[in-house]
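Each remark here refers to the structure printed beneath this line.
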Amino acid sequence: MFAHIPAYAGDPILSLMEAYQADSRRQKANLSIGLYYDDDGRIPVLGSVGAAVLQLAEQHGPHTYLPMEGMAPYRHALQQLVFGSDSPALKEKRVATIQSVGGSGALRIGAEFLKLYFPGCAVWISDPSWENHQVLFAGAGVAVHTYPYYDPQTNGLRFGEMLATIRGLPARSVVLLQPSCHNPTGIDLSREQWAELIEVLRQHGLIPFLDMAYQGFGHGLEEDAWPVRALVDAGVSFLVSNSFSKNFSLYGERCGGLSVVTPNEDEANRVLGQLKAAVRRVYSSPPLHGARLISTVLCDPALAGQWAAEVAQMRERIARMRRSLRERLEASLPGAPFDYLTTQRGMFSYTGLSGPEADCLREAHGVYVLRSGRLCVAGLNDTNLEHVAHAMATVLRARC
Ligand code: LMR
């Protein structure tokens with residue numbers, strides 16, 4: 001019956017995670033998947049989340065279904081975090097928000113919604129983008145194209161070409177953008193560049209779809225959401241997906257959200273209804289536990305403050321690891337440019353390492369990075385740093 005089913009080639013990110021786990025070498029470093037490890041090399045349980053776990057254990061509520069759109073206090077807290085507590089769009093009740101199964105679930109429900117109500121629309125993603133963006137949209141039947149983004153010559157942004165491409169798109173094309181901590185490059189637009197881009201999006205009737213998976217890991221919780229707020233201020237209608245996997249260190253609980261900003265409350269209500277219908281079609285209703293944890297934290301001012309401080313600690317540790325790796329590489333390979341490590345932001349850096357060089361790092365040194373050259377800086381710590389820097393320098397020296 002299933003003889004015609006082809007073997008799965010594997011996922012470029014998740015397969016490396018499996019290979020890392022199966023690697024029996026003592027000296028190894030997992031810098032492939034986007035996981036934040038603490039100084040001791042462990043995936044942290046945040047103190048604020050631990051306190052919420054204890055509170056929920058005492059309450060021991062029933063495990064009932066959530067509504068299709070998710071838990072009300074979770075959705076409310078999510079909106080405050082993504083849009084800001086004084087957002088005019090929230091005050092005017094013109095944002096439709098659902099709880100989603102992680103950031104990926106938000107992207108998929110958004111894609112389903114766009115496919116149905118903007119038939120024939122295509123999505124434009126950055127070149128390069130997170131590997132799963134292409135797959136998620138294509139899986140929903142939305143054609144996927146790319147706009148220029150990364151410049152391998154300068155390890156920077158091709159902003160002029162990016163803007164020119166977006167300016168040339170037909171109205172109602174979907175443009176996928178990452179507000180901060182761009183995955184996979186770590187290269188973000190400046191506020192001036194965002195302002196220019198938003199004007200193009202507005203004038204040309206394009207549909208921005210912001211994917212915010214790392215809020216708080218770049219410059220701060222508020223700062224990283226600046227482009228979301230700037231789009232609201234510009235009066236643009238758009239979608240924004242967000243994920244709590246990283247900033248709550250709750251990867252396996254699959255907590256995220258999808259919000260659609262509309263011109264008025266009536267449209268928001270109708271959009272919300274259709275998002276609920278899409279959820280019902282795909283998985284019926286979202287899971288309960290992670291949403292309970294996150295709303296317990298965010299709805300308690302003391303726990304919310306503790307969580308914000310914990311996000312700041314993670315952000316600062318990532319920045320410190322960026323500086324330390326740069327220092328070590330500059331000492332090993334004087335004259336070679338490593339400043340990109342400290343100008344890029346968030347969990348990831350695009351190193352310029354080729355696929356065979358990434359293979360060599362993994363096979364010879366037990367250092368796992370993606371074959372695209374993406375390195376997860378958040379997987380570095382004081383224990384593995386020296387080894388990683390030495391391995392990278394060895395591979396890069398062989399190139400010269
Ligand atoms: C990543 O980019 O490594 C993360 O977002 C995890 C994933 O699902 O790919």
Side-chain angles (χ1 to χ4, degrees), residues 8-21 23 28-37 41 43-44 100-111 125-140 144 146 149-150 176-188 209-218 224 240-258 283 287 290 311 314-315 318 321-322 344-351 353 355 358 361-362 367-380 388:
Y8 178 42
D11 179 82
I13 299 176
L14 301 183
S15 300
L16 275 177
M17 177 72 180
E18 288 166 11
Y20 173 80
Q21 281 165 337
D23 190 332
K28 57 178 185 172
N30 187 13
L31 312 179
S32 56
I33 193 167
L35 281 171
Y36 175 92
Y37 291 92
I43 295 168
S100 66
V101 182
S104 300
L107 288 160
R108 179 58 191 246
I109 294 297
I125 64 176
S126 60
D127 175 22
S129 201
W130 178 44
E131 272 84 348
N132 222 25
H133 279 147
Q134 202 276 336
V135 183
L136 276 164
F137 280 94
V144 184
T146 59
Y149 195 81
Y150 175 69
L176 190 91
L177 298 155
Q178 299 181 46
S180 51
C181 309
H182 183 264
N183 179 3
T185 66
I187 303 166
D188 292 332
F209 194 150
L210 268 53
D211 182 19
M212 183 160 64
Y214 314 97
Q215 188 178 0
F217 275 19
D224 291 352
V240 53
S241 55
N242 75 290
S243 166
F244 293 124
S245 297
K246 275 75 176 177
N247 56 14
F248 270 85
S249 194
L250 276 174
Y251 304 89
E253 299 298 347
R254 312 308 295 136
C255 291
L258 174 67
Y283 55 85
V311 174
M314 292 194 278
R315 175 173 67 248
I318 294 173
M321 286 300 119
R322 288 186 171 282
Q344 295 171 358
R345 278 281 170 283
M347 296 184 102
F348 304 116
S349 258
Y350 229 41
T351 58
L353 288 162
L361 267 184
R362 187 178 66 254
V367 174
Y368 285 68
V369 302
L370 298 193
R371 296 197 80 249
S372 62
R374 188 191 82 171
L375 176 148
C376 180
V377 189
L380 288 170
V388 170

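Order of appearance sets the numbers: ligands from 1, and atoms from 1 within every ligand.
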Query raised in the report: Would Tyr149 and His182 count as a close aromatic pair, with their ring centres under 6.0 Å?
Result: yes
Query raised in the report: Are the side chain of Ser32 and the backbone of Val369 linked by a donor-acceptor contact shorter than 3.5 Å?
Result: no
**Report entry** Side-chain donor-acceptor pair present, Ser180, Arg345, cut-off under 3.5 Å
**Finding:** no
Requested in this report: Look only at the side chain of Arg362 and the backbone of Arg371, and say whether a donor-acceptor pair between them is shorter than 3.5 Å.
Outcome: no
Query raised in the report: So which residues, sorted by chain and number, lie with a heavy atom under 4.0 Å of ligand 1?
Result: Ile13, Ile33, Gly34, Trp130, Asn183, Tyr214, Lys246, Phe348, Arg374
Query raised in the report: Is it true that Phe137 and Phe209 have ring centroids separated by less than 6.0 Å?
Result: yes
Query - Asp224 side-chain N/O to Gly216 backbone N/O, donor-acceptor pair under 3.5 Å - result: yes
